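Please read the structure below before turning to the comments.
The figures here come from the full heavy-atom set of this structure, side chains too, leaving out hydrogens, waters and symmetry mates. Start at 1 with the first residue, then count along the sequence. Everything numeric in this text was worked out from a predicted model, so none of it was measured.
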Amino acid sequence: MYRSCCFLSDLNINNMATGNEYDGSPYTHYGSAAYPGMFMRSTASELSNFAIMMINEGWYKGQKLLRAESIEEMCNIQYPALSNSGQS
């Protein structure tokens, strides 16, 4: 993922898409002190490649990038007490 990152300072924000408010004004790009746990900026192509790797338990284009156990851990709810499911 060569065109993906967490920090706005690593991107040319003029090339990033933005959403719009109801009045038509664009949302502003913002960051968070909780990087990289909250935000990842990526292209649609790179995000789809990441999803393919996740679905294939760490494999992408014949290469093992992550162990299946790592994928499983990434998919677990990390803080069950904060989950909306009510399960802890």
- prompt: Does CD in Glu21 sit with more than 12 non-hydrogen atoms of other residues, nucleotides or ligands closer than 6.0 Å?
  reply: yes
query: Are side-chain N/O atoms of Asn49 and Tyr60 paired as donor and acceptor at under 3.5 Å?
result: yes
message: Test your reading of the model: is there a side-chain donor-acceptor pair from Asp23 to the backbone of Ser25, 3.5 Å cut-off?
response: yes
query: How many angstroms lie between CG in Asp10 and CG in Leu8, if you round to the nearest 0.5 Å?
result: 9.0 Å
- request: Using atom types as modelled and distance alone, determine if a side-chain donor or acceptor of Arg41 lies under 3.5 Å from a backbone N or O of Cys6.
  value: yes
- prompt: Is there a path of hydrophobic side-chain contacts, each under 4.5 Å between heavy atoms of I, L, V, M, F, W or Y residues, that connects Ile52 with Leu65?
  reply: yes
task: Give a yes or no on whether the backbone of Ser45 and the side-chain of Ser48 come within a donor-acceptor separation of less than 3.5 Å.
output: yes
Polar side-chain atom of Glu46 near backbone of Ser4 as donor-acceptor pair, under 3.5 Å: yes
query: Below 4.5 Å, heavy atoms only, C-beta onward: do Met1 and Leu47 meet side chain to side chain?
result: no
- prompt: Roughly how far apart are Met74 CE and Glu69 CD, rounded to 0.5 Å?
  reply: 13.5 Å
message: Please report the interatomic distance CE(Met53) to NZ(Lys61), rounded to the nearest 0.5 Å.
response: 13.5 Å
message: Nearest 0.5 angstrom please: Ile71 CD1 to Trp59 CH2, how far?
response: 12.0 Å
- line: OG of Ser42 to CG of Leu11, rounded to nearest 0.5 Å, is 9.5 Å
message: Distance check, rounded to the nearest 0.5 Å: Phe7 atom CZ versus Met40 atom CE?
response: 10.5 Å
